[in-house]
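This report refers to the structure that appears directly beneath it.
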Amino acid sequence: MEENNTEPKDLLAFVLDNIQYLAIFQGLFLIIFGVAMYILTDKSSVTSLIPSFIGAGLFFPGYLVHSKPSTKMHAMHATALFALIGTLGGFMAIPSIMEGDWGNATIARLVLLLVCGDYMVLSIMSFRRARMNRLSKV
C-alpha cells in the first residue's frame, strides 16, 4: 500500500494561499492576549497592551483583504511589517528566560516571539509562492 505524502504540502499550500485568515486569527489572539495581560497586571502599565497593538496590525489588514481582495498585496505587506516588529520585540524575552525570569512581561514577549515569528515565516513563504505563481503565468 502506497502512502499519500502530498497532504502536508497541500495543507501548507492552503495556508499560504489564505494567509489573510491566519492574520485575522493570530491578530485576534494577540488582541485578546494583550487585554488579558493588561487586566492580569492590575492595569499597571499600558505597555502590557503591546501585544494588542501588534495584533491589531495583523487583524485589520487581514480583514481588509477578506472584505476587499484587491488590496491583498499591500495589506499582507503591512501585516508582515507588524509581524517583524512583534518578532523583534519578542526577542527581548530570550535574555529574561536565560536569567530565569518568568514574569508577565517575559511571557508576553515570548508569546509575541512565537506568534509573530510563525506568521513572519509563513508570510515570507506566501510572498515567494505568490511571486512564483505570477512568474509562471507570464
Side-chain angles (χ1 to χ4, degrees):
M1 188 172 229
E2 191 175 312
E3 287 186 36
N4 185 4
N5 291 331
T6 60
E7 188 175 327
K9 186 177 180 182
D10 292 342
L11 178 61
L12 180 61
F14 176 78
V15 170
L16 296 179
D17 289 338
N18 296 292
I19 195 82
Q20 67 271 19
Y21 298 112
L22 183 64
I24 291 170
F25 293 130
Q26 287 189 339
L28 275 175
F29 171 76
L30 286 174
I31 291 169
I32 293 167
F33 178 76
V35 169
M37 291 303 286
Y38 182 71
I39 292 169
L40 287 175
T41 58
D42 297 325
K43 302 175 185 168
S44 60
S45 175
V46 178
T47 58
S48 58
L49 287 173
I50 289 174
S52 294
F53 298 137
I54 299 294
L58 294 176
F59 175 78
F60 288 113
Y63 185 76
L64 178 65
V65 172
H66 172 71
S67 61
K68 189 174 180 185
S70 64
T71 63
K72 185 171 186 173
M73 185 173 74
H74 298 297
M76 290 297 96
H77 279 85
T79 61
L81 176 64
F82 277 95
L84 176 63
I85 293 167
T87 303
L88 292 175
F91 274 119
M92 293 190 313
I94 294 173
S96 299
I97 291 170
M98 291 175 72
E99 293 173 0
D101 176 19
W102 286 96
N104 289 339
T106 303
I107 292 170
R109 290 181 192 134
L110 182 61
V111 168
L112 265 180
L113 177 63
L114 295 175
V115 172
C116 291
D118 169 55
Y119 184 81
M120 190 75 218
V121 168
L122 290 172
S123 67
I124 291 169
M125 292 172 69
S126 175
F127 294 155
R128 289 189 59 183
R129 181 176 170 83
R131 181 162 189 200
M132 289 168 50
N133 287 343
R134 268 195 320 271
L135 292 176
S136 69
K137 291 179 183 177
V138 173

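Values below: every heavy atom of this structure, side chains too, minus hydrogens, waters and symmetry copies.
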Item checked: Co-membership, hydrophobic cluster, residues Ile124 and Leu84, 4.5 Å side-chain -> yes

Checklist line | Cluster check Ile31, Tyr21: I/L/V/M/F/W/Y, side chain < 4.5 angstrom | finding: yes

Notebook entry, point to check: Applying the 4.5 Å side-chain criterion to the ILVMFWY set and letting contacts propagate, would Val115 and Met92 be lumped into a single cluster?
Noted result: no

Item checked: Minimum heavy-atom distance Gly34-Ser52, with the two atoms named -> CA-OG, 3.2 Å

Next item on the list: Look up atom CE in Met120 and atom CG in Leu88, then write down how far apart they are to the nearest 0.5 Å.
Entry: 9.0 Å

Next item on the list: Evaluate the criterion side chain to side chain contact (heavy atoms under 4.5 Å, CB included) for residue pair Thr87 and Leu112; output intermediate values, then yes/no.
Entry: CA-CA 6 Å; Thr87 303; Leu112 265 180; over 6 Å; no

Next item on the list: On the 0 to 90° scale, with breaks at 30° and 60°, tag the Phe33-Phe29 ring pair as parallel, tilted or perpendicular.
Entry: parallel

Note to self: If hydrophobic clusters are built by linking Ile, Leu, Val, Met, Phe, Trp and Tyr wherever their side-chain heavy atoms come under 4.5 Å apart, do Met98 and Leu113 end up in the same one?
What the structure shows: yes

Next item on the list: Work out which heavy atom in Arg109 is nearest to a heavy atom in Ser96; give both atom names and the distance.
Entry: NH1-OG, 3.9 Å

Margin query: Which label fits His77 and Phe127: parallel for a plane angle under 30°, tilted from 30 to 60°, or perpendicular past 60°?
Written below: parallel

Margin query: Please find the pair of heavy atoms, one from Ala23 and one from Tyr119, that lie closest to each other, and give the distance.
Written below: CB-OH, 3.5 Å

Check: So do the side chains of Thr47 and Ile50 get within less than 4.5 Å of each other, counting heavy atoms only?
Finding: yes

Item checked: Phe59/Leu30 under side chain to side chain contact (heavy atoms under 4.5 Å, CB included): CA gap, chis, key distance, verdict -> CA-CA 9 Å; Phe59 175 78; Leu30 286 174; over 6 Å; no

Notebook entry, point to check: What pair of heavy atoms forms the shortest contact from Met76 to Pro61, and how long is it?
Noted result: CE-O, 4.2 Å

Notebook entry, point to check: Between Leu58 and Leu22, is a side chain to side chain contact (heavy atoms under 4.5 Å, CB included) present by the stated rule, with each step listed?
Noted result: CA-CA 9 Å; Leu58 294 176; Leu22 183 64; over 6 Å; no

Next item on the list: Drop me the distance from Asn133's CG to Leu16's CG, to the nearest 0.5 angstrom.
Entry: 10.0 Å

Check: Under a single-linkage definition using a 4.5 Å side-chain heavy-atom cutoff for Ile, Leu, Val, Met, Phe, Trp and Tyr, are Leu81 and Val121 assigned to the same hydrophobic cluster?
Finding: yes

Notebook entry, point to check: Is there a side-chain contact between Thr79 and Ile19, using heavy atoms and a 4.5 Å cut-off?
Noted result: no

Checklist line | Contact summary for Met37 and Asn104, nearest pair of heavy atoms | finding: CE-O, 3.0 Å

Notebook entry, point to check: Does any N or O in the side chain of Ser126 come within less than 3.5 Å of the main-chain N or O of Leu122, such that one atom is a donor and the other an acceptor?
Noted result: no

Checklist line | Heavy-atom closest contact (Cys116 atom, Ile54 atom, distance) | finding: SG-CG2, 3.6 Å

